[in-house]
Amino acid sequence: MNDARLWHDVDDYFAGRLLTGEPDDALAAALSDSEAAGLPPIAVAPTHGKLLHLLARVQGARRILEIGTLGGYSTIWLGRALPDDGRLVTLERDPRHAEVATRNLARAGLAERVEVRVGAALQSLDRLAEEGAEPFDLVFVDADKANNPHYVEGALRLTEAGALIIVDNVVRGGRVADPDDDAPDVTGTRAALDLIGRHPRLDGTAIQTVGVKGYDGFALARVVS
């Protein structure tokens with residue numbers, strides 16, 4: 001059995017034993033509707049969605065910021081972790097993606113709890129800061145990788161000590177460690193990791209993962225001041 005097949009099988013094994021209960025029609029429909037609308041198949045894996053959900057609950061997050069909505073699959077996982085008075089703001093550049101996500105979130109019963117903001121994420125981050133947005137407890141960064149360091153900087157402007165910042169897809173199939181790879185997604189990811197490593201307000205690490213999404217990983221950073 002090749003590695004990729006084995007990774008898929010183990011992910012399926014975990015999902016079958018840990019993501020139990022009644023079939024989750026809202027999550028399944030979010031994926032199928034995203035596929036039908038032609039969105040790229042890059043949503044987080046189910047087990048990673050559950051990890052985001054658990055991290056938000058462990059964090060006690062009342063306010064969540066997501067950078068990169070796509071079809072709203074990860075947004076549903078995060079939104080379900082919020083308390084009744086919680087709020088999630090998710091930023092999506094593509095209006096068509098935002099339309100699909102809005103429908104998926106409404107189907108999941110999260111329309112009143114989640115705000116989808118359409119436009120370039122860097123501009124939306126600036127606007128949130130200008131509005132004096134209440135600090136976020138958790139930030140999930142999963143947008144274009146070239147801008148990862150700018151997204152982390154934007155997250156720092158909108159968080160206080162104790163917040164958690166998660167940056168997805170930081171391994172890039174191992175390319176992040178290849179000094180000869182200067183593609184924008186890789187250089188942007190390296191810059192974000194360097195920022196996390198040296199910034200006095202951040203304490204972080206990175207984890208490699210394998211599974212249905214292939215070989216990748218994520219960074220976790222706690223805002224310490």
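Heavy atoms only: backbone and side chains are in, while hydrogens, waters and symmetry mates are out.
Taking CG of L18 as the reference point, atom OH of Y13 lies at 8.5 Å (rounded to 0.5 Å). From L105, atom CG reaches atom CZ of R103 across 11.0 Å, with rounding to the nearest 0.5 Å. Atom CG of residue L158 and atom CD1 of residue I67 lie 8.0 Å apart, to the nearest 0.5 angstrom. Taking CG of N147 as the reference point, atom CG of D144 lies at 4.5 Å (rounded to 0.5 Å). Here the straight-line distance linking atom CG of D168 with atom CZ of F218 works out to 8.0 Å at 0.5 Å rounding. In this structure, OG1 on T189 lies 4.5 Å from CG on N148, to the nearest 0.5 angstrom.
With hydrophobic clusters built from ILVMFWY side chains whose heavy atoms lie under 4.5 angstrom apart, L138 shares a cluster with L51. The hydrophobic clustering, which links ILVMFWY residues whose side-chain heavy atoms are closer than 4.5 Å, places I64 and F136 apart. Cluster annotation: L55 is not connected to F14 through the hydrophobic network of ILVMFWY side chains, with a link wherever side-chain heavy atoms come within less than 4.5 Å. Hydrophobic clustering (side-chain heavy atoms under 4.5 Å, transitive across Ile, Leu, Val, Met, Phe, Trp, Tyr) groups I196 together with V171. Linking ILVMFWY residues whenever their side-chain heavy atoms come closer than 4.5 Å, directly or via other members, leaves L156 and L220 in distinct clusters.
Panel note: side chain D216, backbone V170; a donor-acceptor pair is recorded below 3.5 Å. Judged purely by atom type and a 3.5 angstrom limit, E92 has no side-chain atom pairing as donor or acceptor with the backbone of V118. Within the 3.5 Å criterion, the main-chain N or O of R17 finds no donor-acceptor partner in the side chain of T20. The backbone N or O of L27 lies less than 3.5 Å from a partner atom in the side chain of D24, making a donor-acceptor pair. Judged by distance alone, the side chain of R113 and the main-chain N or O of R87 form no donor-acceptor pair under 3.5 Å. Using modelled atom types, no side-chain atom of R93 and backbone atom of G68 make a donor-acceptor pair closer than 3.5 Å.
Note on ring orientation: taking the six-membered ring where Trp is involved, the planes of Y215 and W7 are tilted (angle from 30° to 60°).
Contact detail for N104 and A29: the closest heavy-atom pair is OD1-O, 4.0 Å. Listed here is the closest heavy atom pair of L82 and A61: CD2-O, 3.6 Å. Minimum heavy-atom separation, W77 to H53: O-ND1, 3.0 Å. The two atoms that bring A98 and V116 nearest to each other are CB-CG1, 3.9 Å, heavy atoms only. Between A37 and V100, the shortest heavy-atom contact is CB-CG2, 3.6 Å. Summarising the geometry of V89 relative to L91, their closest heavy-atom pair is CG1-CD2, 4.0 Å, with the distance given to 0.1 Å.
Within the 4.5 Å cutoff, no side-chain heavy atoms of T187 are placed close to those of K145. At least one side-chain heavy atom of P23 sits less than 4.5 Å from a side-chain heavy atom of D25. The side-chain heavy atoms of R222 and L202, taken from C-beta on, include no pair separated by under 4.5 Å. Looking at Y151 and L122, their side chains come closer than 4.5 Å, going by heavy atoms from C-beta outward. Side-chain contact between L19 and P46: present, with at least one pair of heavy atoms (C-beta onward) separated by less than 4.5 Å.
Ion pair D137/R63 not flagged as a salt bridge, since none of the NZ, NE, NH1 or NH2 atoms sits closer than 4.0 Å to an Asp/Glu carboxylate oxygen. Salt bridge status for D181 with R172: absent, with no side-chain N to carboxylate O gap under 4.0 Å. Under 4.0 Å is where a charged nitrogen must lie from a carboxylate oxygen, and between D11 and K213 no such pair does.
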Would D185 and N169 count as a side chain to side chain contact (heavy atoms under 4.5 Å, CB included) if you check the C-alpha gap in whole Å, the side-chain angles of each, and the deciding distance to 0.1 Å? CA-CA 10 Å; D185 65 318; N169 307 128; over 6 Å; no
Could you walk me through whether L110 and I76 pass side chain to side chain contact (heavy atoms under 4.5 Å, CB included), step by step? CA-CA 8 Å; L110 293 169; I76 293 172; 4.2 Å; yes
I'd like to know whether L70 forms a side chain to side chain contact (heavy atoms under 4.5 Å, CB included) with S34, so could you lay out the CA-CA distance, the side-chain angles of the two residues, the decisive distance to 0.1 Å, and finally the verdict. CA-CA 8 Å; L70 195 63; S34 296; 5.8 Å; no
Please assess L125 against E153 for the test side chain to side chain contact (heavy atoms under 4.5 Å, CB included), listing each intermediate value before the final yes or no. CA-CA 10 Å; L125 290 168; E153 290 169 345; over 6 Å; no
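Just one of V139, L88, L78 meets the side chain to side chain contact (heavy atoms under 4.5 Å, CB included) condition when paired with L65; it is V139.
Atom CD of E112 sits in a sparse spot, with 12 or fewer heavy atoms from other residues, nucleotides or ligands closer than 6.0 Å. Taking a 6.0 Å sphere around CZ of R80, one finds it holds more than 12 heavy atoms contributed by other residues, nucleotides or ligands.
The salt bridge (charged side-chain N to carboxylate O under 4.0 Å, His left out) contacts involving residues 30-44 comprise D33-R107, where partners must be two or more places apart or lie in separate chains.
Listed by chain and residue number, nothing satisfies the salt bridge (charged side-chain N to carboxylate O under 4.0 Å, His left out) test with R57 (two or more places apart in sequence, or in another chain). Residues meeting the salt bridge (charged side-chain N to carboxylate O under 4.0 Å, His left out) test with D194, sequence neighbours left out: none.
For E115 and T90, the side-chain atoms include no donor-acceptor pair closer than 3.5 Å.
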